[in-house]
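For reference, the structure discussed in these notes is given below.
First the proteins, then the strands, lettered A, B, ... as listed; each starts at 1.
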Protein chains: 2
Amino acid sequence: MQEQTRLDAVFSALADPTRRAMLARLAEGEATVSELAEPFGLAQPTISKHLRVLEDAGLIQQGREAQRRPRTLVVGGPLEDVDAWLQPFREQWERRFDALDRFLEQNKKKTKRTKGDRR
Amino acid sequence: MQEQTRLDAVFSALADPTRRAMLARLAEGEATVSELAEPFGLAQPTISKHLRVLEDAGLIQQGREAQRRPRTLVVGGPLEDVDAWLQPFREQWERRFDALDRFLEQNKKKTKRTKGDRR
């Protein structure tokens with residue numbers, strides 16, 4: 001159940017466009033709180049709250065540099081859990097697309113044959 | 001912004017273990033409300049609320065069969081959006097793992113060479 005609770009926190013943290021944008025920014029490299037706040041024009045307490053949610057979900061961590069305390073993305077970790085959770089669903093839609101491809105391929109052959117017959 | 005709002009709803013819908021279990025069940029095939037309710041021992045209104053959240057997020061749909069109204073998983077759709085959102089992060093952890101692999105490979109070679117030298 002521990003793992004379920006962790007996934008709850010991760011999905012919940014991702015259910016906000018500001019937090020997703022912060023993660024995308026951190027995917028490019030570490031950033032300070034003010035660098036993370038800049039694009040959003042949000043008040044400092046709001047930004048701090050978003051950062052805390054991301055941190056509690058294990059998605060980001062705080063650097064040890066006392067003055068700047070830059071935030072970094074935790075590579076892999078919880079997002080890999082999301083990826084793993086998606087896997088059975090991904091397999092399903094890939095199978096569906098493969099079946100569609102085969103269907104279209106068959107249809108193309110049939111159309112060609114029909115055209116050939118007409119000549 | 002429409003797409004952001006949709007992703008918000010999807011991530012929010014996924015932030016609950018009962019709803020994730022329902023999706024996993026539906027990945028195996030359509031199911032009626034009572035079939036979906038069975039493993040959880042939850043009251044009918046709670047189940048209906050969960051199903052509504054999944055439906056509003058575009059993750060499931062209701063069959064047209066009047067009596068049974070089975071639910072089906074929407075193949076692809078919002079979960080593909082989640083998959084697409086994950087892509088830049090996935091690339092990052094894959095690069096990290098590749099780098100680790102190369103490091104371990106290099107290290108193995110070095111260890112072998114050192115052992116060879118000793119002989």
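Counting heavy atoms from C-beta on, the side chains of A/V82 and B/F89 never come closer than 4.5 Å. Considering only heavy atoms from C-beta on, A/V10 stays 4.5 Å or farther from B/F11 through its side chain. Considering only heavy atoms from C-beta on, A/R20 comes within 4.5 Å of B/D8 through its side chain.
Residue contact with chain B, scored on non-hydrogen atoms closer than 4.5 Å, is absent for A/E94. Both the backbone and the side chain of A/L7 come within contact range of chain B, with heavy atoms under 4.5 Å apart. Only the backbone of A/D16 comes within less than 4.5 Å of a heavy atom of chain B; no side-chain atom from C-beta onward does.
Atom CD of A/E38 is surrounded by 12 or fewer heavy atoms from other residues, nucleotides or ligands within 6.0 Å.
The shortest heavy-atom contact between B/Q92 and A/A27 is NE2-O, 2.8 Å. In terms of heavy-atom proximity, B/S12 sits nearest to A/A15 at N-CB, 3.6 Å. Among all heavy-atom pairs drawn from A/L23 and B/W85, the shortest one is CD1-CH2, 4.0 Å.
Put simply, B/L59 and B/L26 are part of the same group of oily side chains (I, L, V, M, F, W, Y) that touch within less than 4.5 Å, one to the next. Under the 4.5 Å side-chain contact rule for hydrophobic residues, A/L54 and A/V33 share a cluster.
For residues 70-78 of chain B, heavy-atom neighbours of chain A at less than 4.5 Å comprise B/L73, B/V75, B/G76, sorted by residue number.
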